Amino acid sequence: MAEQGGTAEQSKTVEEPKVSAVELKKRAKADKQARRAAQKEQEGAPAEVPPATNGAHQEPSAQGQGVQQDQKGKAAQAKGQQQPKPSKQGGQDVRPERGGPSQPQSIPPRSKAAPAAPSKELPKRDNSVVELLSHLYPIQRRPNLAGVSKDVHPAVLALGLQISTYEICGSSARCVAMLLAFKEAIQAYTTPRDTSLPRHLVSHHLSPQIDCLRSCRPLAESMGNAIRWLKKLIVELDPDKPEHEAKDFICEEIDRFVHERITVTDQAIAASARNQIRTGSVVLTYAKSAIVEKTILQAHEQGTRFRLIVVDSRPLFEGKRLATSLMRAGLEVQYVPFSGLAHVVKDATLVLLGAHSMLSNGRLQSRVGTASIALQAHKADVPVIVCCESVKFSGKVALDSIVLNEIAPPEELLLSPIPEKSPIHPAGVATTAVTGKSAVTVTSAAISKDASEDDEPAKLKTLHEWSSISNLRLLNPMYDITPAEYIRMVICEYGSVPPSSVPVVHRLANEGM
Amino acid sequence: MPHATHPPSPGLQALILCGPGLSLNTFTSTPSTLPKCLLPVANRPMLWYPLDWCHRMGIYDITLITPADAAPPLEAALRSHPVLTSLSGPRPEVLAPKGLEMTSGTAELLRLGEVQRAIKGDFVVLSCDFVSEIDGSRVMQQWMSLNPALAAASFSRRKGGLAVYYPTHGREGISSKKDETDFVATVPFSRPNVMPPTGSLRQGVEEVVMVMPTDTLNDTLDENKQALPIRQTLLAKHGNVKIRTKHRDAHVYFLPLWVKDFAARNEKFDSISEDVLGWWAKAGWQQGLAEKLGLDEVLAGKRSTDDEAANGGSVDEHEEVDATALSSTRSAPAPGRQPPQAFATRVGNSTVPPPRPKLAVPPLLAYMQPASPTQPLIRRIDTAPQLASLSLHIARLPPSDTSPLAHEHKIHPSATIGQQTRISQEDCLIAENVTIGTRCNIKESVVGANCEIGSNVRLTKCVLMDGVVVGDGVQMVGCIVGKRARVEGSSAVGVKAGEAEVDGAAMKGKGKAKQKASAQSGGEDDDKTKLTECEIAPFFVVEAGTEAKGETMKAFDPEGEVGGDEDEDVDVGDEDNEE
């Protein structure tokens, strides 16, 4: 009974087509509360060990998690007993589920840097909710245009859609596109009577635009920095300035910002980083970064002869795009799936990485999988160099990828559309097994396991049916955190700095603005 | 149906083309009184469907383009028709350009000065006969998300377009083999970056490389001994071309502003669907065609002037900032390739001039709806059978259905229904102020507003437009009856109290005369009016005792007894207007 209930609930959260703003808010609130609760419990649990290395970090925290689980399970049980039968139904509904954690169970090892989503299986109140991770559970992204504020400018709306479909993806691309769209929105703005542009524009016109973008996908660090800069610029405008002048001024400033902080910066970084590539180098890179692409192209144009290895992973396959454009430019490119990393890293002489954000403790936040690349490179004594504009530097601190991350909808891990009929009958099973094996790497293990039990056709599951598995929740993180020890150097427009200098650059670049 | 919230404006304007409706000429022969766009489809003027569709997308800037003849009735209807006035939002603007004839092509229409002036930004072109269950914003969403240039709207004019094609087959009760189709060749558009969420139309979006109506296709086939010539360049560029012949253009185009100039530049273009889109699609792969059509100047010229205007010429380097170039899900286009080895000198001047970076023609996308009965309906109504089948389809929708087309009331509360009358609720639609006599049997039918139906009437699969009068004992199967037509039954029609006396008397007289006439030929049974699969024109009077199958009944038909009807027509019309 509990299982079915859980499934129904899950499918509800997954398939809910329209989410109103109010609901989103509610959900965010609930999430926050859950997070707080989790934090409180965390304080009780053994303090988190600052991880020396990625591998070493996993175990203690997993243990901590286990201890915590037990404590909580007991607490929950005790609570359940204390409750003086509030209402029969409620009590019955809750108890079997709460009894769950006391049963012995294996906590799957937390593989932070795995390319596919780590699946967490821990029955709790809502069967699949893990308190420790509950702050990460995906807030529904806007699936369509319903519920968008009326004030949103068409350009911003279009951008929001493009961001949510990953047509525009990548920290700097999103930042530039956002600023250009804001330019449009600001030009379309007229100040109402009785107020002035500096007082009204930000709170009444710009914030719905920002909210719209945020509801399409959480804002990137660079976008946050740019928005902060823009707000400051607007607020500090002279209120007596005529409106059109003020708008033109803002737009010019935006252009200048894009120019200075991104266009020229990219060139400067590429010019500096290309010197790291020498004749005969083998450069390894992961996914796609605009700066890394530029650096490599410039080094190629300079006449340096070198080889390139592009490592790539699901679900976005950004490395494919990088490999394509570099191949078109005439470079020698080797394209390797993530599973081949350990093999190719031995050949590499240099690892070039892009960044989503540089955190203040010197850690790198980048596309999920980057940390493994850096770890492997570190082990093989290959220098890891990060290219990152200062606009992506952040004042935040994160020790691991669980504290701070963006979670994408789990459906995005699928490679093919969800079949309309779930293949439960044996005839359908055979076909899905074949296609699944060739395409869906993650489920191949499950398939081979199930294939041996052919007499029970209903047991076969592919990734498509994950939501029908009770106690399972998929997390599809976008980023992971690479420890500073693996990073040899960060190249930004202020020069080549060690990761420990990130806070300094951040203060210089983003806070003094 | 009220809209819960106003969606944000997508920054588009809509042009709804209210054409003449040639294939519906039984009902639209006089556009000055009843233009095609006001024909009722399931008791709503046809125009309501595209208007409502636009409103649901958040488009309120709507221009109706119509020939001057049809403008007055259209404006009157917009002011007074209860269904049209119930639409929220500002009333659409009616534009009747001077040069527009009933026979003008759609591209010709785009070239007219008034229309050119009316188009101020990106626009959607719709036809008034477009009916869609699919939410417009979902289609628009695809257009927006696959148009990288959109985000920086004034920056670059390299936006693409999006058309919609629906399958004509595979839809029971609606599809028929006679449906018009188009010939569409498409190539897959780049794969989505991740699995699109459920309900997204992304899987159906493809890039059009060739499109023409089936008529043109047949002409081409005839010219070429039943072979369709296809250029090698197409296959050289696209390895995977899919040709469909059973899809039809829904005549919904999301077009960027530059298409206006493109249409204006090419005088030869006649229709939007065949010429503007057809050439645009071809220009994407055929060498030199884009230049021949002036696309390079349309795109480039536009661009430079706009940039100057937007930037004020102060910071020109920013032209190069392109968010899509930075995006991690795109690869850079092939850099300006050197032309393949130069030709031998003998070829001389005929060599192509060293190509400037090849003109990138913005893609023309199309949403190809998969053929499946579970898909939401998209249709165009341009023949009488389609009008009937679609009306009946809408009548079948349950009132609580999520479909935007469903009616709130299957049988309007203001309808008066006599005793022992049976109406099958689930597939009938009865509009306001309908009176139905006793012992009637109505199945799978749509009855328009203010209809009067006598007693003992049997209607099956019939569509009655507004104000139709059906006499006692009439049997109709699969008929479409035009506005204010009169189908006489065995006895006089004007039994109802409250009807104008003069008219009632006249009708009685006539009915009696008829009875006498028919009494000679046979018994009572023959007296009944039986119509099967007939189309009856507006204001036409079908005399009692008529038995017909598959006929089209229009005034001025050379069939003898028409002379008498003419007076009748006028009388009825006048009287009804007074009411």
Side-chain angles (χ1 to χ4, degrees), chain A residues 15 17 143-155 157-159 161-162 164-170 172-174 176-177 180-181 184 248 252 255-256 258-259 262-263 287-290 293 315-318 320-322 324-325 328-329 408-409 411-418 420, chain B residues 4-12 57-58 121-122 135 137-138 140-155 191-200 202-203 310-312 314-315 317-318 320-335 337 372 374:
Chain A
E15 286 167 12
N144 51 29
L145 295 174
V148 182
S149 156
K150 219 168 70 174
D151 305 324
V152 173
H153 190 270
L157 196 64
L159 174 65
L161 289 172
Q162 286 165 15
S164 70
T165 53
Y166 303 102
E167 291 294 324
I168 290 183
C169 182
S172 17
R174 276 153 73 198
V176 170
L180 294 182
E184 293 278 312
D248 286 349
E252 270 171 38
D255 278 337
R256 204 177 54 80
V258 172
H259 187 63
I262 293 171
T263 318
K288 185 181 179 223
S289 150
E293 183 185 17
L316 283 169
F317 291 116
E318 292 155 303
K320 248 182 220 175
R321 321 284 174 151
L322 178 67
T324 315
S325 45
R328 280 180 183 155
E411 294 80 37
E412 287 175 0
L413 288 170
L414 305 180
L415 287 178
S416 56
I418 299 164
E420 290 195 0
Chain B
T5 49
H6 285 285
S9 157
L12 287 163
M57 276 195 283
D122 300 336
D135 191 354
S137 57
R138 287 168 64 199
M140 187 177 64
Q141 207 172 324
Q142 294 309 317
W143 181 68
M144 286 178 130
S145 60
L146 297 176
N147 237 339
L150 257 186
S154 79
F155 219 77
R191 271 172 63 99
N193 296 312
V194 290
M195 277 314 302
T198 42
S200 166
R202 179 64 173 83
Q203 294 287 340
N311 292 345
S314 57
V315 265
E317 317 94 288
H318 294 321
E320 283 168 28
V321 181
D322 182 6
T324 50
L326 295 172
S327 175
S328 63
T329 49
R330 296 193 165 248
S331 44
R337 287 227 184 113
S372 147
T374 52

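Since this is a predicted model, take the numbers as computed values, not measurements. Each chain gets a letter, A, B and so on, in the order the sequences are listed, and its residues count up from 1.
Across all non-hydrogen atoms, the minimal contact from P154(A) to P10(B) is CB-O, 3.4 Å.
Note that OG of S145(B) is 10.5 Å distant from CG of L157(A), once rounded to the nearest 0.5 Å. The line from CE of M144(B) to OG1 of T165(A) is 12.0 Å long, rounded to the nearest 0.5 Å.
Residues passing the side-chain contact (heavy atoms from CB on, under 4.5 Å) test with A173(A) are I168(A), L326(B), S327(B), sequence neighbours excluded.
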